[in-house]
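Letters A, B, ... mirror the listed sequences (proteins, then strands); counts begin at 1. These numbers come from the heavy atoms of this one structure, side chains and all, not from hydrogens, waters or symmetry mates. Since the structure is predicted, the reported quantities are computational estimates derived from the model, not experimental observations.
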Amino acid sequence: MSMPFYVAPEQMMKDRADYARKGIARGRSLVAMTYADGIFICAENPSQSLHKVSEIYDHIAFAGVGKYNEFDQLRIAGVRHADLKGFTYSREDVEARSLANSYAQMLGQTFTHEMKPMEVEILVAEISENPGEEQMFHILYDGTVMDEKRFVVLGGDSESIAALVADGYSEGMSAREALELCRSALAGEERELADSDLEVAMLDRTIGRRNFRRVPDSELATL
Amino acid sequence: MTLPIFSASDDPGPDFAALLRDRGAAPALDTSVSGHNAVTITHGTTCVAVRYADGVVMAGDRRATSGNLIAHRSIEKVFEADRHSAVAIAGAAGPAVEMVRLFQLQLEHYEKVEGAPLSLEGKANQLSQMLRGNLPAAMSGLAVVPIFAGFDLARNHGRLFEYDITGGRYEESDYAATGSGSLHAETVVKVGFRRELSESDAISLVSESLFQAADADSATGGADTLRGIYPIVATINADGFSRVSDDVVGTAFTAIADRFSDNHGEVDA
């Protein structure tokens, strides 16, 4: 009869966390920050069609880094969750906090019970009609939720990027200023990032009901 | 509400109706109830759509009737389906409004899940399928007959579609009408229609058509100046859907009423 090797729970969790962190660190990072009209999200992403930032609902956006198929599955689940809720109750009952909790439950469950954890870090961002009431929930691969203010960085190299963002950040920046700050922070000291290397989207409270707006690379120069 | 996660094999894709069914939240009308009196159900009435130079103008009166009674004076029958399309409804008000709500959500859901909106043809086809699903209810007196119009971004012009209760979809090149006053409304549009109408001429034409429909059909409401309730008029063009303001519609109706009373008022002895 074969005996399974005993692995201490601490070791098992550490191994899983290392595995997830390694997977996330392979991808490029993403910055989200509050700006004059809402929340500005900028990712380093050379692809024009495989998006990291997307619309969930009227005032809610989703962003993910790490393994594309895994965070895209989470994105679609979020869209479904929001649309079902809005249809069953009302549009104003759909809120980021409850969605972030659902994501956290799911990621936490996967982290402890499944063969492999999800190699993703995600962001659920929401704006309200009033400036200063923006919400950004940063959720890690193990289900840890952080309620962030001002700005948040997702991805492998987040500490050094966050330090660069913190240096240049101020309340109420314009979209242009936010873009340049994200660009230089994502590039770091030794690189330059062109418009075509970036994916930019924002939650803009000045436009209609659906506040999510994607900015194509061709329009970045005139933002 | 738990997060709706599916395995790859039973994922409903961008179909919101399938998702609703899966979650047991699909709206279902019990059509087994027989012998109900269709007359007591609230009905919405006349809507028209006309193609003009930049796209389509759509209009609908505000009256809902329940038999010979006016049930509501200010219901809305013209809705923005998504940024570049609109839907107008006539028929049983309850199922019609619910159908529009589901249709709007279906278009938005598809766009968000797929990352790109449906083609105009695809949207028109979606509405067909929803109508087909409503056929049993329609046969028991809860018919819904919409018009769908939009600006086709791929072809760069406005298009409009008429439907029947079975989900039959008929593309019209110039104009369409639905509801109890549609016979009168459509005749007015037919006589006044020209290709490449300007926006203001198209607004005048649809206003005139609703004015004449209201004049001849008791279930169609005209402009209610007493309460300040005017028919809803909307334009759909390359810039998207936009409601024409009550001021503009009111002015169009005042002009029509003035002309009408000049021609039909009593002659002084």
- Heavy atoms from other residues, nucleotides or ligands near CZ of A:Arg28 exceed 12 (cutoff 6.0 Å): no
Counting only heavy atoms from other residues, nucleotides and ligands, does the tally under 6.0 Å from CZ of A:Arg205 exceed 12?
yes
**Request:** Please tell me if the side chains of A:Arg91 and B:Leu105 come closer than 4.5 Å, counting only heavy atoms from C-beta onward.
**Result:** yes
Bottom line for B:Phe16: the part with an atom under 4.5 Å from chain A's heavy atoms is side chain
side-chain contact (heavy atoms from CB on, under 4.5 Å) for B:Phe6 and A:Gln73? Distances and angles first, verdict last. CA-CA 9 Å; B:Phe6 295 88; A:Gln73 187 193 10; over 6 Å; no
Looking only at A:Val79, A:Thr88, A:Asp72, the option with the highest number of non-hydrogen pairs under 4.5 Å against chain B is A:Val79
Scored by heavy-atom pairs under 4.5 Å with chain A, the best of B:Pro12, B:Pro14, B:Ala116 is B:Pro12
Handout entry: From CA spacing to verdict: side-chain contact (heavy atoms from CB on, under 4.5 Å), B:Lys112, A:Tyr57
Key = CA-CA 9 Å; B:Lys112 288 191 291 196; A:Tyr57 211 63; 3.5 Å; yes
Applying a strict 4.5 Å limit to non-hydrogen atoms, the region of A:Tyr103 in contact with chain B is both
Heavy atoms of A:Gly86 and B:Arg101 approach each other most closely as O-NH1, 4.2 Å
Counting only heavy atoms from other residues, nucleotides and ligands, does the tally under 6.0 Å from NZ of A:Lys14 exceed 12? no
Cut-off 4.5 Å, heavy atoms of chain B, and the answer for A:Asp58 is side chain
Ranking A:Asp83, A:Ile76, A:Leu74, A:Ile56 by heavy-atom pairs under 4.5 Å to chain B gives rank one to A:Asp83
**Q.** Salt-bridge contact B:Glu111-A:Arg210 (side-chain N to carboxylate O under 4.0 Å)
**A.** yes
Taking CE in B:Met139 as the centre, count heavy atoms belonging to other residues, nucleotides or ligands within less than 6.0 Å. Is the count above 12?
no
All heavy atoms of B:Gly13 vs all of A:Arg80, minimum pair found to be O-NH2, 2.9 Å
(message) Is the shortest side-chain heavy-atom distance between B:Pro4 and A:Leu84 below 4.5 Å?
(response) yes
| query | Does the A:Arg75 side chain pair with the main chain of B:Val113, one donor and one acceptor, at a distance under 3.5 Å? | reply | yes
